[in-house]
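Values below: all heavy atoms of this structure, side chains included; hydrogens, waters and symmetry mates excluded. Keep in mind it's a predicted model, so treat the numbers as computed, not measured. Protein chains get the first letters and strands the later ones, always in sequence-line order, with residue 1 at the start of each.
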Amino acid sequence: MTIPQAPDALRPADANTQLNEPERLDAEMRYLLYILSHDLRGPFITLRGFVDELRMIADDIRTSLDAVMPTLEPSRAQDITLALDELPEVMGFIGGAVDGLDSYMQRLLKLSRLSRMAHVPRWLAPDKVLAEIIAEKAGDTVFKQAVIDTEAMQDVWADEEALHLLMEVVLTNACQYHQPEQVARVHVSASTEDGGVLIHVKDNGRGINEADLPRIFEPFFRAGRQDTPGEGMGLTYARQIVRTHGGKLWCESQMDEGTSLFIWLPLPSDDALS
Amino acid sequence: MYDYNETGQIMEKAIILAEDNMGHARLIEKNLKRGGLEGNVTHFTDGRQVMDFLGSEKKAANPHTMVVLLDLNMPVMNGFQVLQSVKSDPAMQSIHVVVMTTTDDPNELQRCYDLGCDLALTKPVEYTSFAKTIQKLAQDLNAM
């Protein structure tokens with residue numbers, strides 16, 4: 001196997017660079033995440049490919065054997081049939097496990113990409129970004145069944161693609177986890193707080209258990225009933241985006257009453273703008 | 001290995017597969033065949049071998065009939081270096097280069113196009129898509 005080759009920009013920093021210890025550790029973690037998620041794709045392709053090739057070979061053997069089966073002793077013919085019947089299940093398990101692993105890797109790769117995305121910040125209106133998302137998602141069941149209202153908001157200093165993804169994640173979550181037999185109502189407002197813009201996404205959903213609250217930003221964690229599709233990564237992506245913008249993200253929730261998600265994004269200093 | 005015309009040029013299409021992962025190479029060859037590829041496939045496992053082969057063949061070969069299917073992550077000389085060498089050599093730059101990589105990182109794919117590759121493909125993990133991608137490539141190569 002070839003030694004993985006990560007992009008130079010991602011290689012762990014040398015001791016002689018200006019990074020402090022936490023920054024160096026962070027760089028190393030991102031490098032490791034990249035290697036894990038990127039370079040394991042190769043072996044996955046081999047595994048997935050040959051499981052399917054094996055299935056085709058088994059089908060060919062079965063077809064060839066059909067012709068000679070009547071000439072075999074019945075007990076031997078039965079042994080062969082039983083063995084061949086096992087193969088699809090065996091290969092199904094292997095294939096399913098590889099798909100599962102690959103799916104984890106894809107999500108880690110996306111997280112790794114978000115953490116090293118080249119951010120090009122500019123002034124953006126969060127309410128306009130929200131309106132775009134609502135228009136794009138108008139056909140989705142989750143959005144069709146929700147009532148969303150957004151207030152006029154002050155511009156934030158952010159990367160457009162990142163802000164779009166961040167808003168999409170929080171809005172989808174707010175709409176998706178509604179109470180049974182109830183329409184999801186989502187209200188998004190913003191205010192200026194502590195030299196930044198605080199965006200408040202409030203829903204009337206099923207709420208999050210107090211014990212689960214500290215974990216909702218962890219990778220792959222899904223709180224509450226697992227009755228909706230999801231990969232358990234949305235809020236992890238959201239946290240990563242907010243972090244790279246120097247902001248904060250937190251959540252307050254009451255079971256059966258709803259959840260409030262707060263996103264605080266700092267306003268740039270005059271130096272950053274000049 | 002090839003049929004030559006009276007001026008000593010290779011007549012049929014020559015496909016050079018540069019892939020260090022033997023499993024991938026086998027899966028690619030199987031699906032090129034299933035896709036009905038016409039022409040020979042010669043397999044190399046590092047970039048240096050590919051450059052040596054192209055260097056020795058380039059006088060005799062008609063570069064328009066040559067296609068390199070190029071993996072990026074290879075020992076000795078990687079795919080980027082092969083791509084750069086081929087596309088910066090006037091005697092070789094009309095050789096078609098199809099990059100076939102595991103990455104779907106847009107930056108890496110763009111870098112291949114910047115270096116002059118004719119096509120950059122991501123190898124899908126899901127095998128039905130993988131097989132479909134390679135079989136379609138076989139048809140595109142036949143049509144070239």
Exercise for the section: Supply the atom-to-atom distance A/Phe50 CZ to B/His24 NE2, rounded to the nearest 0.5 angstrom. Expected result: 8.5 Å
Exercise for the section: Tell me, for B/Thr122 versus chain A, whether the close heavy atoms (under 4.5 Å) come from the side chain, the backbone, both or neither. Expected result: side chain
Handout entry: Pairwise distance CE(A/Met56) to CZ(B/Arg34) - rounded to 0.5 angstrom
Key = 4.5 Å
Practice task
Count the heavy atoms belonging to other residues, nucleotides or ligands that lie under 6.0 Å from CZ of B/Arg26, then report whether that count exceeds 12.
Solution key: no
Exercise for the section: Output the distance between atom CG (B/Asn21) and atom OG1 (A/Thr46), rounded to the nearest 0.5 Å. Expected result: 4.0 Å
Handout entry: B/Lys87, NZ: over 12 other non-hydrogen atoms inside 6.0 angstrom
Key = yes
Exercise for the section: Check whether any side-chain heavy atom of B/Val125 sits under 4.5 Å from a side-chain heavy atom of A/Arg41, and report yes or no. Expected result: yes
Completion exercise
Interatomic distance, OG1@B/Thr128 vs CG@A/Asp52, rounded to 0.5 Å, equals 6.0 Å
Exercise for the section: Mark yes when over 12 heavy atoms from residues, nucleotides or ligands other than A/Glu161 sit less than 6.0 Å from its CD; otherwise mark no. Expected result: no
Problem - B/Tyr127 side, atom OH; A/Asp99 side, atom CG - distance, nearest 0.5 Å - result: 14.5 Å
Exercise for the section: Check whether more than 12 heavy atoms from other residues, nucleotides or ligands sit under 6.0 Å from atom CD of A/Glu132, and answer yes or no. Expected result: yes
Handout entry: Neighbour count >12 (heavy atoms, 6.0 Å) for atom OH, B/Tyr113
Key = yes
Practice task
Start with the C-alpha gap between A/Arg48 and B/Glu126, add the side-chain angles, then the distance that decides, and say whether salt bridge (charged side-chain N to carboxylate O under 4.0 Å, His left out) holds.
Solution key: CA-CA 7 Å; A/Arg48 204 72 197 79; B/Glu126 202 273 306; 5.6 Å; no
